[in-house]
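Structure record follows, encoded as structure tokens.
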Protein chains: 2
Amino acid sequence: MKTEKVKERIIRVASDLFYKQGFNSTGINQIIAEADIAIGSLYNHFSSKNELLQAYLIKEELEWFNGFEEHAVNLSSAKDKLLALVDYRKKLQDSTNFAGCHFIKIISEVGESNPAISDFVKKHKEKQKTLINDIVRELPEQESIDIDEVTETIFIVLEGALVISTINKNTKGFDHAKKIIQEIVS
Amino acid sequence: MKTEKVKERIIRVASDLFYKQGFNSTGINQIIAEADIAIGSLYNHFSSKNELLQAYLIKEELEWFNGFEEHAVNLSSAKDKLLALVDYRKKLQDSTNFAGCHFIKIISEVGESNPAISDFVKKHKEKQKTLINDIVRELPEQESIDIDEVTETIFIVLEGALVISTINKNTKGFDHAKKIIQEIVS
DNA sequence: GTCTATAAATAGATAGAC
DNA sequence: GTCTATCTATTTATAGAC
């Protein structure tokens, strides 16, 4: 592992705080304190707090997809991959103490006041749906299975399970989501 | 309609702003400006911004359940009521320009930093689930239908559809949710 | 490229007159 | 019960020394 550069440290510290406390509840002063740098250094690397927000979302998206690839690397069947997707999101929730989806969180905070951000989130969720769609296409051919319909169902159920998991601080929603998906792909 | 009192006007103005801009992005000064009152008057009715937040959530919960009752008042069959629930949430999204769920939004902002609020949201979602459960119990008896399982599925699908609707700014998710629920209860 | 000092605006909240 | 004036802290961001 190479040494973490200052810019990377800023993004890491800011990301943790944005995720755990919320974007608006995290001040520049707290970021520089926890990153142990001066404010002038921060503004040398990022021209505004909003630019830091964009770096945060780009990083989280990259880690999300890389994390899933790593999680599902040994699986060959489409069914196993879809169930692994449920497990992956469940695992993420467990390991973050049910802090929820980075992207839903930020949309809830900035809404339409920041079109660049809401656009990024929209595209991110489209990428997630495309990932599901690609796996569904690998399923063994069945009668009465519409690829796009099945994709949409799985996508909706996963988002629903995640939201409920975040509110209830447990993983029951994911267990039920797994049942639903199991019935669809069996 | 009786005259709106000052306290009611404060709650109404604050609610609109909290919902549209977010809680942290809405300042006391903006609230008093749009409510056309002095800051001293606000603090006469509410001892803190957090107290105003609680009044907001209580009001929105009341309106949510009253709104559904009104929306479904003429329906007698359980199936129609469940489909009306989808329509109701779809209608709410349409009429708010896809601003999303008040309760998911506030949880995303305050997270666990405000236990009273996250507790309120948790209980609110339990009430929504109980509403679904009560209707599912009225369904004509069928083999192979587990009331709690069906409740959980409908609950998850509705939450998922709403989140997706908020991100994509359309109602396609609800149309798909309706299909799923229709298959379950037919 | 990192630092300190500071600006300029706004935050939530209080005191006390009327 | 509503008002104005004000307090203190904090916000994001900039200037300029080193």
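Below, read A as the first sequence line, B as the second, and so on, with proteins coming before strands; counting in each chain starts at 1.
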Would you list the pairs meeting side chain to side chain donor-acceptor pair (under 3.5 Å) in which at least one residue belongs to residues 36-47 of chain B, sequence neighbours left out? B/Ser47-B/Glu51
Along DNA chain C, 5' to 3', what are the outermost nucleotides having an atom less than 4.0 Å from a heavy atom of chain B? C/dA11 to C/dT14
Tell me, which pairs form a salt bridge (Lys or Arg N to Asp or Glu O under 4.0 Å) where one or both residues lie in residues 99-121 of chain B, sequence neighbours left out? A/Lys169-B/Glu112, B/Asp119-B/Lys123
Test salt bridge (Lys or Arg N to Asp or Glu O under 4.0 Å) applied to A/Glu34 - qualifying residues, sequence neighbours left out: none
Taking ring pair (Phe, Tyr, Trp, His ring centres under 6.0 Å) as the cut-off, I'd like each qualifying pair that reaches into residues 149-186 of chain A, sequence neighbours left out, listed once. none
Do A/Asn24 and B/Ser25 pair up side chain to side chain, a donor and an acceptor below 3.5 Å, judged on atom types alone? yes
Check this for me: A/Glu4, atom CD, are more than 12 non-hydrogen atoms of other residues, nucleotides or ligands nearer than 6.0 Å? yes
Looking at A/Lys179, I want to see if its NZ is surrounded by more than 12 non-hydrogen atoms of other residues, nucleotides or ligands under 6.0 Å. no
Taken in chain and number order and not counting sequence neighbours, the residues that satisfy salt bridge (Lys or Arg N to Asp or Glu O under 4.0 Å) with A/Lys178 are A/Asp87
DNA chain C contacts made by residues 47-54 of chain B, counting heavy atoms under 4.0 Å: B/Ser48, B/Lys49
Do any pairs count as a ring pair (Phe, Tyr, Trp, His ring centres under 6.0 Å) and have a residue in residues 4-41 of chain A, sequence neighbours left out, and if so which ones? A/Phe18-A/Phe23, A/Phe18-A/Tyr56, A/Tyr19-A/His102
Check DNA chain C against residues 21-43 of chain A and give the residues with a non-hydrogen atom under 4.0 Å, in numerical order. A/Ile37, A/Ala38, A/Ile39, A/Gly40, A/Ser41
Check this for me: does any side-chain nitrogen of one of B/Glu8 and B/Arg12 sit under 4.0 Å from a carboxylate oxygen of the other? no
Would you mind listing every ring pair (Phe, Tyr, Trp, His ring centres under 6.0 Å) that reaches into residues 70-92 of chain B, with sequence neighbours excluded? B/Trp64-B/Tyr88, B/Phe68-B/Tyr88, B/His71-B/Tyr88
Could you work out, with side chain to side chain contact (heavy atoms under 4.5 Å, CB included) as the rule, every residue matching B/His124, not counting sequence neighbours? B/Glu61, B/Phe65, B/Phe103, B/Gln128
Can you pull out the residues from residues 105-118 of chain A that lie within a 4.0 Å heavy-atom distance of DNA chain C? none
